[in-house]
Amino acid sequence: MDEILTGITGIAVGIGIGYTVMEIGSYLYSRYDPAACISTKIRNGKGEFEPVIKIPKRKHGMIISDNSDKRIEEIDKNTIDLVYNTLLKRGFNYDDIYLMEGMEKPSIDLRCNILPSDTAHLREVMENLYRQISPEDTFFMCFLNHGGKTGWLLPVGESTVQLGKGTVKERELEELLYDIHPDHSILYFNNCYSGGFAERLGTGRSIAISTSSANKLTFGYKGGELGCKYGDFLSGFTLFFYSALRNQMPNGELLQLKDMSIGEAFDYASQRSYFAKGFKRRGFFKNTPHLIYGNVNPQEVIL
């Protein structure tokens with residue numbers, strides 16, 4: 001009997017050690033990006049690119065955030081403000097911008113359509129856009145949220161994005177976007193494991209951008225050289241990407257990058273964030289932004 005108990009105990013200890021090793025491995029795996037490249041570009045399509053409308057009839061925009069994490073409340077506000085003002089700079093009208101932020105009452109007051117950040121309101125906004133968006137319009141969606149995975153052990157599972165209340169999986173967002181048919185869409189994801197969304201949605205006439213790959217965390221930037229100069233943001237890539245599109249850093253510094261395309265802004269932000277101090281430690285805490293697209297050329301698409 002003692003031998004049986006000893007054997008069972010040994011098996012239990014072995015399972016516990018194995019589980020602990022897998023947990024540690026998963027933890028380190030999500031934080032270490034061995035990719036030698038600064039960024040990743042993938043085309044989900046072949047042949048010649050399809051033309052895009054240069055001057056759309058209307059530009060529709062969505063910014064989706066989550067203010068439940070009080071540790072990064074100021075960073076959230078800074079990033080929302082950067083994206084919002086970039087849209088205005090690029091010709092979006094107040095009435096065509098939706099901001100979903102907060103569990104009940106948004107903590108930021110901007111001149112646009114403001115709703116709580118939850119799955120019910122996300123579906124409500126999307127259903128409204130189904131009726132509004134025409135093939136002569138463009139559509140922009142930006143997630144500035146925490147992200148996760150459905151699997152308990154990386155790299156298993158779909159990427160997810162957290163709202164103020166509830167979460168959205170890759171497939172669920174794909175279904176929500178299915179009935180929206182603008183001339184083209186620009187989908188942006190600043191969240192951990194965001195590459196899963198970009199890989200799934202960067203197809204057809206949609207361009208998808210993520211701040212990290214499907215199985216890696218997205219690291220923000222707080223303090224240090226950039227933080228002191230420009231303020232704190234959810235990621236260095238997001239800071240430079242939207243600053244490039246609006247030709248101005250948050251402190252008012254002009255960049256002389258007028259009318260950059262999505263592809264040009266992606267390249268610029270990838271370079272600037274990669275070589276900025278404090279972002280990586282020999283592969284640890286390194287973000288590898290992804291640009292994934294199908295039938296339209298991101299070098300010819302303007303926000």
Side-chain angles (χ1 to χ4, degrees), residues 30-42 63 65 72 74-86 89 142-147 159 186-199 202 207-257 260-293 298-299 303:
S30 67
R31 288 158 174 77
Y32 178 70
D33 191 343
C37 56
I38 293 175
S39 61
T40 297
K41 299 180 186 179
I42 301 172
I63 304 171
S65 185
I72 58 172
E74 181 180 352
I75 300 175
D76 279 335
K77 290 182 178 180
N78 288 346
T79 311
I80 290 170
D81 188 69
L82 174 65
V83 177
Y84 171 79
N85 282 291
T86 301
K89 186 85 171 182
C142 173
F143 279 90
L144 306 171
N145 312 59
H146 286 302
S159 297
I186 301 166
L187 311 173
Y188 188 93
F189 301 90
N190 187 132
N191 52 277
C192 294
Y193 315 112
S194 52
F197 287 95
E199 290 171 8
I207 297 170
I209 297 168
S210 65
T211 49
S212 62
S213 67
N215 300 307
K216 305 297 178 183
L217 299 181
T218 290
F219 296 96
Y221 192 86
K222 184 177 181 180
E225 182 179 320
L226 289 183
C228 293
K229 190 172 184 179
Y230 304 121
D232 299 327
F233 292 85
L234 289 173
S235 72
F237 179 83
T238 290
L239 164 64
F240 289 116
F241 181 76
Y242 288 98
S243 295
L245 289 175
R246 71 179 198 157
N247 192 35
Q248 187 179 49
M249 298 300 291
N251 66 346
E253 172 189 333
L254 296 178
L255 295 175
Q256 305 302 320
L257 302 172
M260 293 196 85
S261 68
I262 294 298
E264 290 170 334
F266 177 87
D267 292 337
Y268 174 86
S270 297
Q271 290 278 340
R272 286 292 305 269
S273 60
Y274 182 84
F275 289 107
K277 294 181 180 179
F279 278 99
K280 59 187 185 302
R281 298 288 185 276
R282 295 183 179 178
F284 281 99
F285 313 117
K286 170 181 175 288
N287 295 334
T288 304
H290 282 46
L291 174 65
I292 304 182
Y293 53 99
Q299 300 296 333
L303 179 64

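Every heavy atom of this structure was used, including side-chain atoms; hydrogens, water molecules and symmetry mates were not. The residues of the chain are indexed from 1 along the displayed sequence.
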Problem - Donor-acceptor under 3.5 Å (T79 side chain, L234 main chain) - result: yes
Handout entry: For E74, all residues meeting side chain to side chain contact (heavy atoms under 4.5 Å, CB included), sequence neighbours excluded
Key = N78
Completion exercise
Rounded to the nearest 0.5 angstrom, the NZ-CG distance for K41 and L291 is 6.5 Å
Exercise for the section: Specify the closest pair of heavy atoms between S261 and L245, including all atoms of both residues, with the distance to one decimal. Expected result: O-CD2, 4.1 Å
Practice task
Can you run down the salt bridge (Lys or Arg N to Asp or Glu O under 4.0 Å) pairs that involve residues 233-244, sequence neighbours left out, and say none if there aren't any?
Solution key: none
Could you list the donor-acceptor pairs under 3.5 angstrom formed by side chains in residues 191-198, with sequence neighbours left out?
{"unit_1": "S194", "atom_1": "OG", "unit_2": "N191", "atom_2": "O", "d": "3.0"}
{"unit_1": "S194", "atom_1": "OG", "unit_2": "T211", "atom_2": "N", "d": "3.2"}
{"unit_1": "S194", "atom_1": "OG", "unit_2": "S212", "atom_2": "N", "d": "3.3"}
{"unit_1": "S194", "atom_1": "OG", "unit_2": "S212", "atom_2": "OG", "d": "3.4"}

Exercise for the section: Check for a donor-acceptor pair, side chain of N287 on one end and backbone N or O of F219 on the other, with a separation under 3.5 Å. Expected result: yes
Practice task
Quick one: pull up CG in N145 and OG1 in T218 and give me the separation to the nearest 0.5 Å.
Solution key: 11.5 Å
Exercise for the section: Spell out, as yes or no, whether a donor-acceptor pair under 3.5 Å connects the side chain of S243 to the backbone of M249. Expected result: no
Practice task
Taking salt bridge (charged side-chain N to carboxylate O under 4.0 Å, His left out) as the test, write out the residues that go with K89, two or more places apart.
Solution key: none
Exercise for the section: Using modelled atom types only, decide if a donor and an acceptor are shared between the side chain of N247 and the backbone of L257 within a distance under 3.5 Å. Expected result: yes
Problem - Exercise: do R246 and Y242 side chains pair donor with acceptor under 3.5 Å - result: no
Problem - Side-chain heavy atoms of F233 within contact of N190, under 4.5 Å - result: no
Handout entry: Value rounded to 0.5 Å, distance of CZ in F143 from CD1 in I63
Key = 12.0 Å
Practice task
With rounding to the nearest 0.5 Å, note down the distance linking OG in S159 to CG in N215.
Solution key: 7.0 Å
Practice task
Give, for atom NE2 of H146 and atom CG of D76, the distance between the pair rounded to the nearest 0.5 Å.
Solution key: 7.0 Å
Exercise for the section: Under the ring pair (Phe, Tyr, Trp, His ring centres under 6.0 Å) rule, collect the residues that match up with F241, sequence neighbours excluded. Expected result: Y188, F237
Practice task
Just jot down the side-chain hydrogen bond (donor to acceptor under 3.5 Å, both in side chains) partners of Y84, sequence neighbours excluded, or say none.
Solution key: none
